[in-house]
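When a ligand or atom number is given, it counts from 1 through the structure's own listing order.
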Amino acid sequence: MTRIIKDIAAAVKEISEGNIVALPTETVYGLGANALNENAVLKIFETKERPVFNPLIVHVPDINEFEKYGKVIPDEVYMLAERFSPGPITYVVKKKSIIPDIVTSGNDSVGLRIPSHEMFLEVIKSAGVPVAAPSANRSGKISPTTAEEVMKELEGKISFILDGGKCSVGIESTVVSFLDNEICILRHGYVTKEEIEKVTGKINLPKHGKIISPGLLKIHYAPITPLYIAENKDEIEKIKIVSDKAAVLDMTKFADKKDTALNLFSEMRRLDEMKPDMIIAEMTDGEGIGAAINDRLERASSGKIKIIKGKICITE
Ligand code: TXA
Ligand code: MG
């Protein structure tokens, strides 16, 4: 049986005993295990049905721990950490051998993050170990942002979900690689490219055709209902006329981009549960956090949609 709890000590006990437990972070809920315990980490992959080639982020309580698990930490990591950590940013650096290969899917790098959620921080401090945690959804599904959403994803598969309320950010951390003397965003997230560049100077975006981060695999956050991207509001209106069972992910209901990030996954879930024929969404302008929002929409989508000669056409 899976229980939603508020008891931090019970969550710590699970981690200490080599079990897995769902934990709140400021971005999305995570499914945590002692990163130094191979068997515990294996349970994460099994429970999520996650492909073993997709590495996990290791969460630590403060910047002093980076050198325990990462080799050669560039100055820019410390500069960024001063500004953004604890918070929604993950630093990919060369790993030390203390981190088991299963955590990093055999890569010689590790993603390190200091989450800012107080309850998560308390768990890692009390457990006294780094905590490997992917988002607490089944692989390929939408990331949960409340304890109840975790329950829908993992009921019966774990004992406890530590309830820390609704996540304050709502989308996952920005993943930044510092490998090969180059700073490169591997996954867009809440901390934007522009904000990072203010600290480090010009950085790179992921190179096409080279998957350096398996999280960049195309469909990754998909609802069960197919989601399609429409070019603009006019197209959405036309689609609504042709199909009365199309649900619209209405971006105008959100106050601004932060609010969109905060509620995007919950809204996808809500629409999915209504069991429409399809969900139609419109992208943002891609500026600021819009890059991360568009990235999540693209990955959730099964293609682009358009009305041609009065008929619905999926164009890609
Ligand atoms: O906000 C977050 O990052 C949440 C919370 C729970 O911390 N975690 C999360 O984990 O989103 P997950 O496993 O769903 O996504 C981790 C991403 C994946 O895209 C993975 O490929 C990438 O980080 N990643 C992790 N370690 C990496 C490494 N060593 N090299 C390249 N990419 C890595
Ligand atoms: Mg995930």
Side-chain angles (χ1 to χ4, degrees), residues 20-33 35 41 44-45 47-60 69-71 84-96 99-117 119-121 123-124 130-145 149-150 153-154 161-162 164 167-180 182 184-191 206-207 210-222 261 265 292 295-296 299-300:
I20 56 176
V21 61
L23 301 166
T25 87
E26 74 282 20
T27 56
V28 300
Y29 272 71
L31 185 59
V41 172
I44 295 180
F45 283 95
T47 305
K48 278 190 60 129
E49 293 172 39
R50 179 178 175 110
V52 287
F53 57 76
N54 195 359
L56 305 179
I57 293 172
V58 173
H59 300 74
V60 296
Y69 311 113
K71 250 190 226 168
F84 299 113
S85 298
I89 182 165
T90 298
Y91 310 92
V92 174
V93 295
K94 263 185 130 25
K95 87 172 182 75
K96 283 194 172 158
I99 297 287
D101 284 339
I102 184 169
V103 173
T104 63
S105 303
N107 289 307
D108 68 353
S109 61
V110 61
L112 297 173
R113 172 160 119 78
I114 310 168
S116 67
H117 197 294
M119 286 170 97
F120 196 113
L121 282 174
V123 170
I124 29 183
V131 168
S135 48
N137 49 283
R138 280 168 296 139
S139 189
K141 300 291 175 217
I142 305 169
S143 302
T145 57
E149 288 175 1
V150 178
E153 287 289 319
L154 300 176
I161 300 164
L162 186 64
C167 301
S168 60
V169 168
I171 55 170
E172 300 88 343
S173 63
T174 310
V175 179
V176 190
S177 165
F178 295 84
L179 304 174
D180 305 325
E182 187 181 63
C184 178
I185 294 192
L186 298 182
R187 177 177 72 182
H188 287 292
Y190 194 71
V191 177
K207 293 176 189 72
K210 186 181 166 204
I211 295 184
I212 13 188
S213 183
L216 298 171
L217 289 173
K218 203 170 173 283
I219 299 194
H220 198 70
Y221 302 99
F265 288 147
D295 169 77
R296 303 308 187 267
R299 279 190 230 185

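The N/O atoms of Ser109, backbone and side chain alike, include one that comes under 3.5 Å of an N/O atom in ligand 1. Geometrically, ligand 1 and Thr104 share no nitrogen or oxygen pair separated by less than 3.5 Å. Remark: ligand 1 and Asn107 share no N or O pair separated by less than 3.5 Å (distance only, no angle test). For ligand 1, the polar-atom distance check finds an N/O of Arg187 within less than 3.5 Å of one of the ligand's N/O atoms.
Across the listed options Leu56, Ile57, Asn137, Leu179, Ile57 owns the non-hydrogen atom lying nearest to atom 16 (C) of ligand 1.
When heavy-atom distances to ligand 1 are checked against a 4.0 Å cut-off, Val110 comes that close only through its backbone atoms N, CA, C and O. By the criterion of a heavy-atom distance under 4.0 Å, the side chain of Thr27, and not its backbone, is placed next to ligand 1. Residue contacts with ligand 1 for Leu186 involve side-chain atoms from C-beta outward but no N, CA, C or O (heavy atoms, distance under 4.0 Å). Counting heavy atoms under 4.0 Å from ligand 1, residue Arg50 touches it through the side chain alone. Residue-level proximity to ligand 1 for His59 is carried by the side chain, the only part with a heavy atom below 4.0 angstrom. Contact annotation: for Val92 versus ligand 1, heavy atoms closer than 4.0 Å belong to the side chain alone. For Glu172, heavy-atom contacts with ligand 1 shorter than 4.0 Å involve the backbone as well as the side chain.
Listed by number with element, the atoms of ligand 1 under 4.0 Å from a non-hydrogen atom of Ser173 are 1 (O), 2 (C), 3 (O). Close contacts of ligand 1 with Gly30, meaning ligand atoms under 4.0 Å from a residue heavy atom, involve 6 (C). Residue-ligand proximity, Val175 to ligand 1, at heavy-atom distances under 4.0 Å covers atoms 23 (O).
Interatomic distance, Leu31 CG to Ile161 CD1, rounded to the nearest 0.5 Å: 9.5 Å.
At a threshold of 2.8 Å, the Mg ion (ligand 2) has a backbone or side-chain N, O or S atom of Ser135 nearer than that distance.
Under a cut-off of 6.0 angstrom, the local environment of NZ in Lys96 is crowded, with over 12 non-hydrogen atoms contributed by other residues, nucleotides or ligands.
Across every non-hydrogen atom of Ser109 and Thr104, the tightest pair is O-CG2, 3.1 Å. What you find for Val41 and Ala33 is that their closest heavy atoms are N-CB, 4.3 Å.
No side-chain donor from either of Ser173 and Thr27 sits under 3.5 Å from a side-chain acceptor of the other. Between Glu172 and Ser143, the side chains place a donor N or O and an acceptor N or O closer than 3.5 Å (distance only, hydrogens not considered). Judged purely by distance below 3.5 Å, without hydrogens or angles, the side chains of Asn137 and Ser135 pair a donor atom with an acceptor atom.
Remark: the backbone N or O of His59 is not paired with any side-chain donor or acceptor of Arg113 at under 3.5 angstrom. Judged by distance alone, with hydrogens and angles left aside, the side-chain atoms of Thr90 form no donor-acceptor pair with the main-chain N or O of Gly111 at under 3.5 Å.
Proximity of Ile124 to Pro115: side-chain heavy atoms (C-beta onward) are separated by under 4.5 Å at one or more points.
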